[in-house]
Amino acid sequence: MAQRPFDDPEAARQFIAQCLAVLRGQRREVGAAAIGQALGGSASTVRGYLTGSTDSVPVGFCVELGRLAQIPAHDVLRALGLLPPGLPETPASSVPGAPLRAVEALLHDPEGAERFATRVFRISSGLRYRCPSHEVAHFTLRSGHTPLPYDEAERLARLAAVEGRPLAEELHRDREYWSLRLELRARVETALRSAGEHSWQGDPGTDLWDRLRTEDGRAPQVLVQDPVAATSTAPVADPDGSLPTLLFVGGRQLIGTAAALLAQALGRQYVLVRSLTEVAQGGSLVPVRRDLVGGRTTAWTSAAAHIREQALAGTPWAAVVLVRPYVFSAEDGLDDAALDHLRHTPARIVFCRPSAAMLAWWAKRQERTAGRFRYHRPARRAETARVLDAVAAVLGERARDDDLTVRLPEPHKERDEGTEQEFGAEFPAAVADLQPRIAWWVLRRLSETDPGRLPRQLVPTSRLAQWSELLAADPRALRPAPL
């Protein structure tokens, strides 16, 4: 149990009273002895915390008590003052995302809670259709503490089975920064293994998170996740089978939110094909350990096989699946086997091809996030263009009338979309607002084959349903740029 005292004693007392009330409602023992036994603390110490006779209450005790009362992790962190008031009361998923899991794991690590301060916040993007685009955990080393020797951080990372290490050039430039990064990853890695797609950012040489630099100019330690498009959802309990599986082909940052919004509106499972998941029976996604690059094709094969098997059984997978173009790339060119799965899939394909300007924006964004050491913009753009050409050729071979192809327009041509900060972490409005527009356009195309059901009968709480009147009057949602 972490021993760092809570900064606001009155808030701690109110939170403890809330937990005790919840426990009483669950007809559970709330005496010091019972709670001490459940949390692994002495009755006398716990009694002091419960009665307020001690001057301060450790954060770790509050977190453990909240967990005992079955209070959701994000509510615990908010009550402890560790989340800003801007975070929505209802998270995008009932399961906490990677940033919240990392903060909770650190608070349950006595030494980690002593060494690091944390802050969690969300960023929304878009002008007409604002939507959460980034959930962020920012970690800073507390005053009086210093980075571990790099060899010690490396040892901790190895024991925690943390994969990936800084490049030699990166380590040479800032050894202390990478020591902190490995230490943080080692302390929270286990909690993140089933937390969806996330990334550590803020590396030296990148500028996306410059606003979070420390007073002495040190680059920030930031864990980032897209709260809408980066985490797959659970299988649908009672699928109606009225629509085939929908397969989006495009980048997550460019079209992932559109796929997730559409799945939410239709009451379908959203599936992000990624190296570290395997599709199991019933469409559930199981975390696995794979090489991040080589595992892409294996993950896509798993998803494609499930799509095919469900279609053959007459029960189409009730899912909106997102597969990214890099899945179809190989070290020596193109992956013919992966393309063949695409060629023969019974799913209805939605191919979202970015314009040259959109692709250039995406490449610059990747460089600002990963740094020039790891991301060579011209080479990646050329590789992406080659793969997109191959996907377009496959769709031409399929010659299916129900496949949909749409070009993603240039990101900075829409003059009424507002002025963007050139180096802001949020997405440009023309990129963010494109997501619901594309989802709405696909929805209208689906309604051509099911006019009695779509788009009127959407899940009422979905974002597309809430934006339906605005989208219905939006000319860019009705006529996106065709290829």
Side-chain angles (χ1 to χ4, degrees), residues 1-8 11-12 15 39-41 56-68 71-84 87 91 95-122 134-148 150 152-164 176-196 198-203 209 212 214 218-225 227 231:
M1 196 179 293
Q3 295 304 309
R4 182 171 65 85
F6 188 55
D7 296 331
D8 186 343
F15 178 71
L39 301 186
S56 62
V57 179
V59 168
F61 174 78
C62 293
V63 171
E64 293 287 356
L65 186 62
R67 175 175 288 185
L68 182 65
I71 297 175
H74 58 279
D75 288 340
V76 174
L77 296 174
R78 184 179 294 107
L80 296 179
L82 295 170
L83 295 184
L87 190 64
V95 179
L100 286 174
R101 292 192 192 192
V103 170
E104 186 181 18
L106 201 61
L107 288 174
H108 282 81
D109 175 348
E111 186 177 8
E114 289 285 345
R115 285 178 54 77
F116 292 97
T118 61
R119 183 165 70 102
V120 181
F121 59 95
R122 269 187 176 174
H134 304 74
E135 189 169 274
V136 185
H138 179 207
F139 303 88
T140 54
L141 193 64
R142 292 183 181 279
S143 176
H145 294 273
T146 58
L148 298 175
Y150 182 80
E152 174 61 15
E154 161 68 29
R155 184 186 70 82
L156 293 176
R158 190 168 58 253
L159 291 174
V162 172
E163 296 182 357
E176 287 191 345
Y177 179 89
W178 293 106
S179 172
L180 289 174
R181 171 65 58 80
L182 283 184
E183 180 188 355
L184 279 167
R185 291 192 61 194
R187 293 188 184 280
V188 304
E189 183 75 8
T190 300
L192 300 183
R193 286 189 178 139
S194 60
H198 54 273
S199 61
W200 289 90
Q201 299 179 18
D203 306 359
W209 300 101
L212 298 181
T214 59
R218 184 173 294 278
Q221 300 286 351
V222 183
L223 179 64
V224 184
Q225 185 172 49
T231 305

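Small disclaimer: the values here were computed from a predicted structure and weren't measured.
Closest approach of V103 to A137, counting heavy atoms only: CG2-CB, 4.2 Å. The minimum heavy-atom distance linking P99 with Q225 is given by the pair CD-OE1, 3.7 Å. The two atoms that bring P220 and L212 nearest to each other are CB-O, 3.6 Å, heavy atoms only. Minimum heavy-atom separation, S179 to A153: O-CB, 3.4 Å. In terms of heavy-atom proximity, G202 sits nearest to A219 at O-CB, 3.2 Å. When every heavy atom of R185 is checked against every heavy atom of G164, the shortest pair comes out as NH1-O, 3.9 Å.
In this structure, the side chains of D203 and R181 come closer than 4.5 Å at one or more pairs of heavy atoms. R101 places none of its side-chain heavy atoms less than 4.5 Å from the side chain of V188. Here the side chains of P227 and R122 are in contact, with some heavy-atom distance below 4.5 Å. No side-chain heavy atom of V136 sits under 4.5 Å from any side-chain heavy atom of Q201.
To the nearest 0.5 angstrom, T118 atom OG1 is 7.5 Å from R142 atom CZ. Here the OH-CZ distance, from Y177 to R218, works out to 10.0 Å after rounding to the nearest 0.5 Å. The distance from the OG1 atom of T140 to the NE2 atom of H145 is 11.0 Å, given to the nearest 0.5 Å. Taken from OH in Y150 to CD in E176, the straight-line distance is 13.0 Å, to the nearest 0.5 Å. Here the CD atom belonging to E183 is positioned 4.0 Å from the CZ atom belonging to F116, to the nearest 0.5 angstrom. The CG atom of L180 sits 12.0 Å away from atom CZ of F139, with the distance rounded to the nearest 0.5 Å.
No donor-acceptor pair closer than 3.5 Å links the side chain of E189 to the backbone N or O of A160.
Applying the ring pair (Phe, Tyr, Trp, His ring centres under 6.0 Å) criterion to H198, with sequence neighbours excluded, gives no partner residue.
With respect to R115, the side-chain contact (heavy atoms from CB on, under 4.5 Å) criterion is satisfied by exactly one of D109, L184, L141, L106: L141.
A salt bridge links E152 with R155: at least one charged nitrogen is closer than 4.0 Å to a carboxylate oxygen.
Below 30°, between 30° and 60°, or above 60°: for H134 and W209 the angle between ring planes is above 60°, a perpendicular geometry.
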